[in-house]
Amino acid sequence: TLVIGTGADAYHIYKVAKRNRFALTKVVGFIKVPDTEVSRELANNKNVKVYSYNRLERVIEKYNVDNGAIKECISKEKS
């Protein structure tokens, strides 16, 4: 599974998949959407990979991704 988004809810998907032996999915990475922030949990976790949005197609091909989850892709408001 490739998670589109890098917020706290996106990290929660990773935690559930990692800790729950019945989850039946493995998170291969996260895609950072432009103008969004990476949660502290993801930034501080050396076991996860965060890729830029422009690498989406390459990541899908590299890991042969057939599942995705979209979480927290709302852009920050610019002041």
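These numbers were taken from a predicted model, which means no experiment stands behind them.
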Task: Any Ile13 side-chain heavy atom under 4.5 Å of Thr25 side chain - done: no
Task: Verdict with supporting geometry, Ile31 and Leu2, side chain to side chain contact (heavy atoms under 4.5 Å, CB included) - done: CA-CA 7 Å; Ile31 298 293; Leu2 184 61; 3.9 Å; yes
Open item on the list: Checking Tyr51 now: which residues fulfil ring-ring contact (aromatic ring centres under 6.0 Å, His included) with it, not counting sequence neighbours?
Closed with: none
Open item on the list: Looking at Arg40, is its backbone amide N or carbonyl O close enough to the side chain of Asn44 to form a donor-acceptor pair, meaning the two atoms are under 3.5 Å apart?
Closed with: yes
Task: Arg55 CZ to Lys49 NZ distance, which is reported to the nearest 0.5 Å - done: 9.5 Å
Open item on the list: Within a 6.0 Å radius of atom OH on Tyr63, are there more than 12 heavy atoms belonging to other residues, nucleotides or ligands?
Closed with: yes
TODO: Locate the shortest heavy-atom distance separating Ala17 from Ala23; write the atom from each residue and the value.
DONE: CA-CB, 3.7 Å
Open item on the list: I'd like to know whether Tyr11 forms a side chain to side chain contact (heavy atoms under 4.5 Å, CB included) with Asn45, so could you lay out the CA-CA distance, the side-chain angles of the two residues, the decisive distance to 0.1 Å, and finally the verdict.
Closed with: CA-CA 10 Å; Tyr11 184 72; Asn45 189 323; 3.2 Å; yes
TODO: Can you see which heavy atom on Val33 is nearest to which on Gly5, and at what distance?
DONE: CG2-N, 4.5 Å
Task: Nearest-0.5 Å distance that lies between atom OG1 in Thr1 and atom CG in Asn67 - done: 4.5 Å
Task: Contact summary for Glu37 and Thr6, nearest pair of heavy atoms - done: O-OG1, 2.9 Å
TODO: Quick one: closest heavy-atom pair of Ala10 and Val3, and the distance?
DONE: CB-CG1, 3.7 Å
TODO: Verify the cluster assignment for Val28 and Phe30: are they in a single hydrophobic cluster under the rule of side-chain heavy atoms below 4.5 Å apart?
DONE: no
Open item on the list: Using every non-hydrogen atom in the two residues, find where Leu42 and Val38 come nearest and quote the distance to one decimal.
Closed with: CB-CG1, 3.7 Å
TODO: Measure across Pro34 and Tyr53 and return the closest heavy-atom pair with its distance rounded to 0.1 Å.
DONE: CD-CB, 3.6 Å
